[in-house]
Amino acid sequence: MDDQHDIAALAALIDRARRAVIFTGAGISTESGIPDFRSPGGVWTKMAPIEFQDFLASEHARRETWRRRFAMEDTFASAAPNRGHRAVAELIRRGPASAVITQNIDGLHQASGVPEEQVIELHGNTTYAHCLDCSTRYEIAELRAAFEADQKPPRCRRCHGFVKTATISFGQAMPEAAMQRAEAETMAADLFLVLGSSLVVYPAAGFPELAKRNGARLAIVNRERTGLDRMADLVLHRAIGETLGAAVGVD
Ligand SMILES: [Zn+2]
């Protein structure tokens with residue numbers, strides 16, 4: 001009975017919305033088998049993340065960055081969108097959602113059918129790499145084969161610049177264009193739907209606060225309590241796929 005009530009409440013908020021923005025964090029991707037690096041016991045509590053300045057300054061740091069990335073490749077390459085991703089894609093396709101703002105770097109929203117231009121990646125994307133100097137794109141599989149042969153962190157074929165996954169590292173500036181688009185989408189929305197983020201990582205966590213201050217409704221679906229539960233119009237401490245899937249009518 002509680003389940004039905006929760007799902008009906010979420011469906012009602014979605015039905016009333018004229019324009020929604022969806023904000024996703026690690027919790028939606030853990031349901032696809034991608035670990036949450038920041039969670040207790042996650043990778044970053046065991047291994048310190050490598051700062052961007054160190055990546056630039058040290059061959060050793062670049063090699064270690066790439067070693068860790070390739071160690072994760074089988075997980076990333078085999079991860080597929082889950083029911084939560086499919087429900088998000090459906091809300092984009094038929095409305096009322098205009099965009100997905102995501103803290104995730106796995107490309108699963110695009111893989112589920114959300115058009116590239118409607119995904120706003122605040123932390124970049126780890127499913128491909130690029131040259132930090134000339135932006136030439138490189139594919140992970142090709143870089144991995146070369147690395148496994150010579151253990152050298154990749155350099156750009158064109159300009160010899162450093163090649164790095166297209167993610168935003170610790171110590172790297174937030175991507176300005178993505179931040180501006182996220183803010184514009186937030187200000188235009190009358191429903192802000194958070195899925196699988198504990199809303200503790202700023203500046204990303206500032207968007208739901210901004211939405212709420214701007215008069216939007218705020219709904220949060222997250223396994224654990226979040227920093228903004230008290231401010232939200234609806235909080236469901238539940239799994240995302242089964243909850244949003246049922247609310248949207250997607251399997
Ligand atoms: Zn280059």
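Counting starts at 1 for both ligands and their atoms, following the listed order.
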Would a 4.5 Å heavy-atom cut-off, applied to side chains only, mark Phe23 and Leu195 as touching? no

As a quick check of understanding, evaluate side-chain hydrogen bond (donor to acceptor under 3.5 Å, both in side chains) for Glu224 and Ser198, giving each step before the final call. CA-CA 7 Å; Glu224 286 83 37; Ser198 50; over 6 Å; no

side-chain hydrogen bond (donor to acceptor under 3.5 Å, both in side chains) contacts in which one or both residues fall within residues 145-156, not counting sequence neighbours: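 For residues 145-156, and leaving out neighbouring residues, the side-chain hydrogen bond (donor to acceptor under 3.5 Å, both in side chains) pairs sorted by first residue read Arg144-Glu148.
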
Listed once per pair and sorted, the side-chain hydrogen bond (donor to acceptor under 3.5 Å, both in side chains) pairs that draw on residues 75-90, sequence neighbours left out: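 Non-adjacent pairs meeting side-chain hydrogen bond (donor to acceptor under 3.5 Å, both in side chains): Ser32-Asn82, Asn82-His85, Glu90-Arg93, Glu90-Arg94.
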
With a cut-off of 2.8 Å, how many protein N, O or S atoms neighbour the Zn ion (ligand 1)?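 If we list every protein N, O or S atom nearer than 2.8 Å to the Zn ion (ligand 1), we get 4.
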
Atom pairs and distances, donor-acceptor, side-chain atoms in residues 170-182, under 3.5 Å, two or more places apart:
| residue | atom | partner | partner atom | Å |
| --- | --- | --- | --- | --- |
| Gln172 | OE1 | Lys164 | NZ | 3.3 |
| Gln172 | OE1 | Ser169 | N | 2.8 |
| Arg181 | NH2 | Glu117 | O | 2.6 |

Do Thr243 and Arg238 have side-chain atoms, one donor and one acceptor, less than 3.5 Å apart? yes

